[in-house]
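Structure in structure tokens, see below.
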Protein chains: 2
Amino acid sequence: MAESPPLLDPVQLGAYFALIEVVDLLRHAIEQQLREAGDLSYVQFQLLARLNGAPEGSHRMTDLADGVVYSRSGLTYQAGLLEKAGLVTRAPSPEDERSVTVTITDAGRERVQRVLPGHAEVVSRMLFQPLSGKDVETLAGLLQPVREHMRSTPPRSAARRRRR
Amino acid sequence: MAESPPLLDPVQLGAYFALIEVVDLLRHAIEQQLREAGDLSYVQFQLLARLNGAPEGSHRMTDLADGVVYSRSGLTYQAGLLEKAGLVTRAPSPEDERSVTVTITDAGRERVQRVLPGHAEVVSRMLFQPLSGKDVETLAGLLQPVREHMRSTPPRSAARRRRR
DNA sequence: ACCAGGTGCTTCGAACTCGAAGCACAAGGA
DNA sequence: TCCTTGTGCTTCGAGTTCGAAGCACCTGGT
């Protein structure tokens, strides 16, 4: 039987490894900055930022979990921490008694504002410093379709919950 | 006082968010595949792959930790698991009594070979499907300098260990 | 009106992660 | 030689993560 050709050529491998490594290093740097500047984990920051940008400053738990790449149970845990810290409130939704509406508080908005400059600074310095404006546009243009592709493609052997 | 301009423009924000999200989604998919195909976590796979590619099939702990973005203690833990699973052996280095040399076993190599095709398939399908060959080259070309930049730039307020 | 299946969230247990502290060896100057 | 400092790894404790299971509510068909 013939040797099946490698599914990834060297260029692809390089892109793949670089992608993973770049994001790992970036995340570490960001996490450290957020911890020092505002005692937030990256997930917590993402949640607050998302709420801060929402029309009413609130979202359902599920929408939050879908937005961030995160498990439901993990979200419950983090939402609990944020609530305990007074950065967020949780209340059952009026329309659907099952769902919980998470709303950012003033303290939460302040916290986001507090860490935001440092956050932007880290991203700018670590990620964008070696890239020209043109490069960034190109990068964004390449990643956007990939993002959409991944979002639209179900996890193959998917079954968020056992389907009948 | 004047409003300080945002440190990140919309295009940069888009690139940044897409980058993070793409890698998060990719990692999840990969992790699931590795777990199903070979009962490996992503870190374990990375470690085995690195050892598999090494000249002697071995590395010192520190070199492994530096290669992967990972804490020392975490590496000790994972190396322990891999050893327990018989995929790797650990032995004190002959030259330096302090350091530990990790070596991949035949079973370890087999395991890598077993999961590799599926791994490549997932990466290919999720990441590269929406990209042309030219796109991939461009992406690799953009990320390479960023990777080097991050690697060479120390964590700013760095001090891996308390410096005097 | 019932009730079977679906959905939203939480709880639970097990596993993983990290940094700080600790141990042992190494290296280099007094 | 000693002894101070540095390095390689492990241990420890606390915090975080996930999936499976569980509970409550909602929906649509009969």
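Proteins come first, then strands; the chains are lettered A, B, ... in the order of their sequence lines, and each starts at number 1.
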Starting from P on C/dC9, measure out to CG on A/Leu64 and report it in whole angstrom.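 In whole Å, C/dC9 P lies 9 Å from A/Leu64 CG.
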
Considering only C/dC9, C/dC18, D/dT17, which nucleotide approaches the side chain of A/Ser99 most closely?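 Side chain of A/Ser99 sits closest to C/dC9.
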
Taking only residues two or more places apart in sequence, or in another chain, which ones meet B/Arg27 in a salt bridge (charged side-chain N to carboxylate O under 4.0 Å, His left out)?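 Testing B/Arg27 for salt bridge (charged side-chain N to carboxylate O under 4.0 Å, His left out), a comparison that skips the adjacent residues, returns A/Asp24.
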
What is the distance from NE2 of A/His59 to C1' of C/dG8, rounded to the nearest Å?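 Whole-Å distance recorded here is 16 Å.
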
Gap between atoms CG and P, on A/Asp66 and C/dT7 respectively (whole Å):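 Result: 13 Å.
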
Indicate for each nucleotide in nucleotides 10-15 of chain D, in 5' to 3' sequence, whether protein heavy atoms under 4.0 Å reach the base (B), only the sugar-phosphate (S), or nothing (-). BB---S

Both A/Gly74 and B/Asp63 contact DNA chain D. Taking the nearest nucleotide for each, which residue is further toward the 5' end?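 Its nearest nucleotide lies further toward 5', so the answer is B/Asp63.
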
Can you name the residues that form a salt bridge (charged side-chain N to carboxylate O under 4.0 Å, His left out) with B/Glu97, not counting sequence neighbours?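 Expected list: none.
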
Let me know the distance between OH of A/Tyr70 and C1' of D/dT16, rounded to the nearest Å.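 So the OH-C1' distance, A/Tyr70 to D/dT16, works out to 7 Å.
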
Between D/dT17 (C1') and A/Leu47 (CG): distance, integer Å: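 Answer to the nearest Å: 14 Å.
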
Return no unless some side-chain N or O of B/Thr62 is found under 4.0 Å from OP1 or OP2 of D/dC9.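 Checking D/dC9 against B/Thr62, a side-chain N or O does come within under 4.0 Å of OP1 or OP2.
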
From CG of B/Asp96 over to C1' of C/dA24, roughly how many Å is that when rounded to an integer?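 Checked: the CG to C1' distance equals 11 Å.
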
Pairwise side chain to side chain donor-acceptor pair (under 3.5 Å) hits with a residue in residues 136-146 of chain A, at least two apart: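 Of all non-adjacent pairs touching residues 136-146 of chain A, those that pass side chain to side chain donor-acceptor pair (under 3.5 Å) are A/Gln144-A/Arg147.
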
What residues form a salt bridge (charged side-chain N to carboxylate O under 4.0 Å, His left out) with A/Arg35, not counting sequence neighbours?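 Partners of A/Arg35 by the salt bridge (charged side-chain N to carboxylate O under 4.0 Å, His left out) criterion, ordered by chain and then number, come out as A/Asp39.
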
Under 4.0 angstrom between A/Gln78 side-chain N/O and D/dT17 OP1 or OP2: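 It does, given that an N or O in the side chain of A/Gln78 lies less than 4.0 Å from OP1 or OP2 of D/dT17.
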
What is the separation between atom CZ on B/Arg98 and atom P on D/dT5, rounded to the nearest whole Å?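 Nearest whole value for this atom pair: 17 Å.
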
Is it the case that the side chain of A/His149 and the backbone of B/Arg125 share a donor-acceptor pair, with hydrogens and angles ignored and the cut-off at 3.5 Å?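 It does hold such a pair.
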
For B/Gln44 and for B/Pro94, find the nucleotide of DNA chain C with the closest heavy atom, then tell me which residue's nucleotide is more 5'.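 Its nearest nucleotide being more 5', the pick is B/Gln44.
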
Examine distances only and state if a side-chain atom of A/Ser93 and a backbone atom of A/Val100 form a donor-acceptor pair shorter than 3.5 Å.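 Such a contact is absent between A/Ser93 side chain and A/Val100 backbone.
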
How close or far is atom P of D/dT16 from atom CG of A/Leu34, stated in whole angstroms?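 Going from CG in A/Leu34 over to P in D/dT16 covers 14 Å.
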
For residues 45-61 of chain B, please give each side-chain donor-acceptor pair under 3.5 Å, one per line with the distance, not counting sequence neighbours.
unit_1  : atom_1 : unit_2   : atom_2 : d
B/Asn52 : OD1    : B/Arg109 : NH1    : 2.8
B/Arg60 : NE     : B/Asp63  : OD2    : 3.3
B/Arg60 : NH2    : B/Asp63  : OD1    : 3.3

